Amino acid sequence: VAITFSSALLAEARDVLGPDMDHEAEDIVQQLCEDLLSGSLYFDKRPGSGVSFLQKTVRGMARRRR
């Protein structure tokens, strides 16, 4: 996940955070990866839902960080 989607997820986080807080984006993506590995995040396993889940989750994490 981190290798394949990190640049897209960083862009999502930066978009929500804005230029004043875009330095927080890396921390958000790292936290997402840690949450996935720990099993604290669950997602619908239907085909095509994984990427949208990651995008929505990163955007939500960024909104909470603002």
Side-chain angles (χ1 to χ4, degrees):
V1 170
I3 292 170
T4 303
F5 299 111
S6 64
S7 61
L9 295 174
L10 282 169
E12 292 282 344
R14 287 183 178 127
D15 182 52
V16 172
L17 292 169
D20 294 337
M21 292 186 65
D22 70 348
H23 61 279
E24 299 274 339
E26 291 180 15
D27 291 340
I28 291 170
V29 173
Q30 180 174 343
Q31 185 63 53
L32 172 72
C33 292
E34 290 173 7
D35 290 349
L36 286 169
L37 288 172
S38 71
S40 63
L41 289 177
Y42 300 96
F43 63 95
D44 187 351
K45 295 180 182 175
R46 289 180 294 168
S49 65
V51 174
S52 63
F53 166 79
L54 293 173
Q55 291 169 326
K56 289 176 189 176
T57 303
V58 162
R59 292 181 77 79
M61 292 170 80
R63 276 191 294 276
R64 287 189 295 276
R65 183 81 57 114
R66 276 191 297 179

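Worth knowing before you read on, the calculation uses all heavy atoms, side chains too, and leaves out hydrogens, waters and symmetry mates. Note that the structure is a prediction, hence the values are computed from the model and not measured.
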Measuring from Thr57:OG1 to Ile28:CD1, what's the distance to the nearest 0.5 Å? 12.0 Å
Separation of His23 NE2 from Leu17 CG (nearest 0.5 Å): 8.5 Å
Have Gln31 and Asp35 got a donor and an acceptor in their side chains that come within less than 3.5 Å? yes
Could you tell me the separation between the CG atom of Asp27 and the CE atom of Met61, rounded to the nearest 0.5 Å? 10.0 Å
Give me the atom names and distance for the closest heavy-atom approach of Phe53 to Tyr42. CE1-O, 3.5 Å
Within this structure, what is the CD-CG distance for the pair Gln30 and Leu9, rounded to the nearest 0.5 Å? 13.5 Å
Quick check: is Phe5 connected to Leu37 through a chain of hydrophobic side chains (ILVMFWY, heavy atoms under 4.5 Å apart)? no
How long is the span from the OG atom in Ser6 to the CG atom in Leu54, to the nearest 0.5 Å? 11.5 Å
Ala13 and Ala62: which non-hydrogen atoms are nearest, and at how many Å? O-CB, 3.9 Å
Could you check if a side-chain atom of Val16 sits within less than 4.5 angstrom of a side-chain atom of Met21, using non-hydrogen atoms only? no
